[in-house]
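Below: one structure, written as structure tokens.
We count ligands from 1, going down the list as the structure has it; atoms in each ligand are counted the same way. Because the structure is a prediction, the values reported are computed rather than measured.
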Amino acid sequence: MIRSVVVGVGSELPQNIMTNNDLAKFVDTSDEWITERTGIRARHIAGEGETTKTLAVAAARQALSNAGLSIEDVDLIILATSTPDHTFPATATEVQAELGITKGAAFDLQAVCSGFVYALTTADALLKAGQATCALVIGSETFSRILDWSDRATCVLFGDGAGAFVLQAQKGGNAGILGSKLRSDGRHCMKLYVDGGPSTTRTVGHLRMEGREVFKHAVVNMAENMLEVTTAAGIAMADIDWFVPHQANKRILDSTASKLGVAREKFIITLDHHGNTSAASIPLAFNHGLQNGLIKRGQLVLMEAMGGGFTWGGVLLRF
Ligand code: ACO
């Protein structure tokens, strides 16, 4: 049986850090309000010359080096992003060129904050189908470029960054992706959206959100999905070693953990220092767990996300 094994992980954050106090200098907000309502203390903001592509390339290089593999090994790149460098071509092809990869396929995938679990599931299916042997799965975002910096209800929540996994198709062994479940419900598409686009306004637009609605659906959808993924794989929730959720809001994660009856200490949380980086947040948190000796080989990790669309989904991995 072919399994998609995570053989390398990498991540990248822009140099420039914006704390809550920095924000409060030009937005009517406070460190106290942001920390209490979200758990976020700072976010990284892409500077001149830093784009979704450059962050993705840095994360991908680190993941390849972590895997001990080279560009010759990669025959698939899937880049999850809602903030591409250009409307087209896919930023994934720009990353492919920058890395010097000339074989295989590269494409972008857009499922907003659920992008990374959607991309992992797609890569897993393509590897299992024999379409590719080694995939770079990247989440990279520059949400700072689509924020309305005069809207305090949204601009305090997001940041920029990238993370990447190298997935290799391997036969035998018990490591790899054990199961996943993707969902969406387009009836909620206008609860979290960007008010521009090439085919409507011909502009890029700004992020708009009904925060309370998103919050409510996030807890219910993520908890249900996590149960579905573990049950289908025949794994008890109690046997999961680490939960690596999308990093949107600490209160969403606290509520999800208590709804599932799971110890909060098993949730890897990094949103305090980088805010919501959309599709990049799961690999960023995963790499944090890895670099800090929390996530170890052989452990069971459940990744879970929910985002605009609404989209949501989970991926169960034996690392
Ligand atoms: N600073 C100070 N005050 C603020 C701020 C701010 N940054 N933003 C809003 N307020 C004010 C509002 O104006 C309002 O004031 P009023 O009572 O005088 O009208 C008050 O705070 C309460 O506003 P609410 O929007 O009701 O605040 P709420 O408790 O719902 O918190 C928040 C808002 C943090 C956005 C919350 O709804 C939330 O976390 N939602 C989830 C959204 C999210 O995480 N989205 C990420 C993308 S989706 C995903 O990734 C899952």
TODO: Can you pull out the closest protein heavy atom to atom 28 (P) of ligand 1? Residue, atom name and distance to 0.1 Å, please.
DONE: R37 NH1, 3.4 Å

Task: Derivation and outcome, salt bridge (Lys or Arg N to Asp or Glu O under 4.0 Å), residues K103 and D75 - done: CA-CA 6 Å; K103 67 176 179 186; D75 52 10; 5.6 Å; no

TODO: Ignoring hydrogens, tell whether any protein atom lies closer than 4.0 Å to atom 49 (C) of ligand 1; use the non-hydrogen atoms only.
DONE: yes

Open item on the list: Taking 4.0 angstrom as the limit and counting only heavy atoms of N276, give me the atoms of ligand 1 inside it, by number and element.
Closed with: 46 (C), 47 (C), 50 (O)

Task: Pairwise distance OG(S255) to CG(N249) - rounded to 0.5 angstrom - done: 8.5 Å

- [ ] For C113, take its heavy atoms, then give the atoms of ligand 1 lying under 4.0 Å from any of them.
- [x] 50 (O)

Task: Side-chain donor-acceptor pair present, E72, S70, cut-off under 3.5 Å - done: yes

Task: Taking every non-hydrogen atom, the tightest pair across A111 and T311 - done: O-OG1, 3.0 Å

- [ ] Report the nearest protein non-hydrogen atom to atom 12 (C) of ligand 1: residue, atom name, distance rounded to 0.1 Å.
- [x] R152 NH2, 3.8 Å

Open item on the list: Considering non-hydrogen atoms of the protein only, which is the closest contact for atom 51 (C) of ligand 1, and what is the distance?
Closed with: M306 O, 3.3 Å

Open item on the list: Below 30° counts as parallel, above 60° as perpendicular, anything between as tilted: where do the rings of F310 and H217 land?
Closed with: tilted

Open item on the list: Has T81 got a side-chain atom pairing as donor or acceptor with T83's backbone, closer than 3.5 angstrom?
Closed with: yes

Open item on the list: How long is the straight-line distance from CE of M1 back to CG of N174, given to the nearest 0.5 Å?
Closed with: 11.5 Å

Task: Side-chain donor-acceptor pair present, H246, N276, cut-off under 3.5 Å - done: yes

Task: S30-ligand 1 polar pair, N/O distance under 3.5 Å - done: no

TODO: Look only at the side chain of D241 and the backbone of V301, and say whether a donor-acceptor pair between them is shorter than 3.5 Å.
DONE: no

Open item on the list: Need the ligand 1 atom indices (1-based, order shown) with element for anything under 4.0 Å from a heavy-atom of L192.
Closed with: 47 (C), 48 (S)

Task: Protein contact to atom 36 (C) of ligand 1 [nearest heavy atom, distance to 0.1 Å] - done: R251 NH2, 4.1 Å

Task: Sub-4.0 Å protein heavy atom next to atom 8 (N) of ligand 1 - done: yes

Task: Numbered atoms and elements of ligand 1 in range of A153, under 4.0 angstrom, heavy atoms - done: 8 (N)

Open item on the list: Determine whether any protein heavy atom is located less than 4.0 Å from atom 39 (O) of ligand 1.
Closed with: yes

Open item on the list: Can you report which non-hydrogen protein atom sits closest to atom 33 (C) of ligand 1, along with the distance?
Closed with: W33 CH2, 3.8 Å

Open item on the list: Below 4.0 angstrom, counting only protein heavy atoms, does anything approach atom 25 (O) of ligand 1?
Closed with: no

TODO: For residues T35 and R41, determine if any side-chain heavy atom of one lies less than 4.5 Å from a side-chain heavy atom of the other.
DONE: yes

Open item on the list: Closer than 4.0 Å to some heavy atom of V156 - which atoms of ligand 1 meet that?
Closed with: 7 (N)

TODO: Would you check whether G211 has a nitrogen or oxygen atom less than 3.5 angstrom from a nitrogen or oxygen atom of ligand 1?
DONE: yes

Task: Point-to-point distance, once rounded to the nearest 0.5 Å, from OG of S82 to CG of L109 - done: 9.5 Å

Open item on the list: Below 4.0 angstrom, counting only protein heavy atoms, does anything approach atom 14 (C) of ligand 1?
Closed with: no

Open item on the list: Determine whether a donor-acceptor pair (N or O, by modelled atom type, separation under 3.5 Å) exists between the side chain of H288 and the backbone of L284.
Closed with: no

Task: Ligand-side contact atoms (ligand 1) for residue partner A248, heavy atom cut-off under 4.0 Å - done: 44 (O), 49 (C), 50 (O), 51 (C)

Open item on the list: Using a 3.5 Å cut-off on N or O atoms only, is T38 in polar contact with ligand 1?
Closed with: no

- [ ] Quickly, which of D272, N16, N20 forms a side-chain hydrogen bond (donor to acceptor under 3.5 Å, both in side chains) with R43? Name it, please.
- [x] N20

- [ ] Take atom 3 (N) of ligand 1 and look for protein heavy atoms under 4.0 Å from it; say yes if you find one, no if not.
- [x] yes

Open item on the list: With heavy-atom distances below 4.0 Å as the criterion, list the atoms of ligand 1 near T29.
Closed with: 1 (N), 2 (C), 6 (C), 7 (N)

